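Here the structure comes first, spelled out in structure tokens, and everything after it is commentary.
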Amino acid sequence: MIVNNHSAFIIIDIQNDFCPGGSLAVKEGDRIVPVVNELQKRFALVVATKDWHPAGHSSFASLWPPHCVQETEGAEFVAGLDTSRVARVFLKGTDMDIDSYSGFFDNEHRRATGLGGYLKERGVTDVAIAGLATDYCVKYSALDAVMLGFKTTVVADACRGVEVREGDTARALEEMAAAGVRIIESRRLLDARASGSRQRA
Ligand code: VGL
Ligand code: ZN
């Protein structure tokens, strides 16, 4: 079962800088917002992450343009995202010298963000993940979730990829599936309640 009392929904980095007009814009990044808002209603527990870099973060020099700098407009959640049900926001990428694609740990697994412990303390066994970007932060969050023992689902159409190289999003989904992540479409979750009640009738 995907949605039960032991399930949590994790919203990854739906921030201005990852949406059209932002400094590290993901194509159609904003298009996932309505479906993410609908999906939230299916879960008793909703948490979110924010990419939250200090100015001059080490990742800006090498791979990425400056993005999601702490306390800037670019680091805020996009305006359309419903945050009223978000129980807690976990910040990632806060250490100057190391990046953190996963919402659970930095890229060398030196330090935890607290997300994994928070979920386990609340008896969460299953997680569903959506957000930005499929080929970076969603992927590494999902792989860490599996590693931590969560039954992990990624809602593919509620995510978009950066696609530094064309095909990265599709490859990321394959990689996640190979690691034991269930990849589904939002319809599976959004239709579940209605079809469930029909089946019981
Ligand atoms: C992300 C690149 C750099 C992401 C964050 O949220 O996927 N990607 N920082
Ligand atoms: Zn970042």
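Computed from a predicted structure; not experimentally measured. All ligand and atom numbering here is 1-based and tracks the order in the structure.
For the residue pair Ser102 / Asp144, a side-chain donor-acceptor distance below 3.5 Å is found, with atom types taken as modelled. Judged by distance alone, the side chains of Asp97 and Ser58 never bring a donor and an acceptor atom under 3.5 Å apart.
Side chains of Val154 and Arg182 form no contact here, defined as non-hydrogen atoms less than 4.5 Å apart.
In terms of polar-atom proximity, defined here as any N/O pair under 3.5 Å, Tyr101 makes no such contact with ligand 1. The distance criterion of under 3.5 Å between nitrogen or oxygen atoms is not met by Asp99 with respect to ligand 1.
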Starting from the C-alpha separation in whole Å, work towards a yes-or-no answer on side chain to side chain contact (heavy atoms under 4.5 Å, CB included) for Cys68 and Phe18. CA-CA 8 Å; Cys68 297; Phe18 295 126; 3.5 Å; yes
Between Leu115 and Phe105, does the side chain to side chain contact (heavy atoms under 4.5 Å, CB included) criterion hold? Intermediate values first, please. CA-CA 9 Å; Leu115 172 58; Phe105 300 99; over 6 Å; no
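Within ligand 1, the atoms closer than 4.0 Å to a non-hydrogen atom of Phe18 are 1 (C), 4 (C), 5 (C), 6 (O), 9 (N), numbered from 1 in the order shown. Per-residue contacts place Tyr136 under 4.0 angstrom from the following atoms of ligand 1 (heavy atoms of the residue considered): 7 (O), 8 (N). The atoms of ligand 1 that sit less than 4.0 Å from any heavy atom of Asp13 are 4 (C), 6 (O). Residue Ala133 approaches ligand 1 through these ligand atoms, each under 4.0 Å from one of its heavy atoms: 4 (C), 6 (O), 7 (O).
Residue, atom and distance of the protein heavy atom nearest to atom 3 (C) of ligand 1 are His67 NE2, 3.4 Å. Of all protein heavy atoms, the one closest to atom 1 (C) of ligand 1 is Cys137 SG, 3.2 Å. The single protein non-hydrogen atom nearest to atom 5 (C) of ligand 1 is Asp51 OD2, 3.1 Å, given as residue, atom name and distance.
Asn37 pairs by the side-chain hydrogen bond (donor to acceptor under 3.5 Å, both in side chains) definition with Gln40, not counting sequence neighbours.
With respect to the salt-bridge test (charged N to carboxylate O, under 4.0 angstrom), the residues Glu185 and Arg187 do not qualify.
Atom NE2 is the N/O/S atom of His67 found closest to the Zn ion (ligand 2).
For the Zn ion (ligand 2), the set of nearby N, O or S atoms under 2.8 Å includes one belonging to Asp51. Taking backbone and side chain together, His57 holds no N, O or S atom under 2.8 Å from the Zn ion (ligand 2).
Judged by a 6.0 Å distance limit and a 45° cone about the ring axis, Lys120 is positioned over the six-membered ring of Phe150.
Contacts between Leu132 and ligand 1, counted as non-hydrogen atom pairs separated by less than 4.0 Å, involve the backbone only.
His67 and Phe60 have their aromatic ring centers within a separation under 6.0 angstrom.
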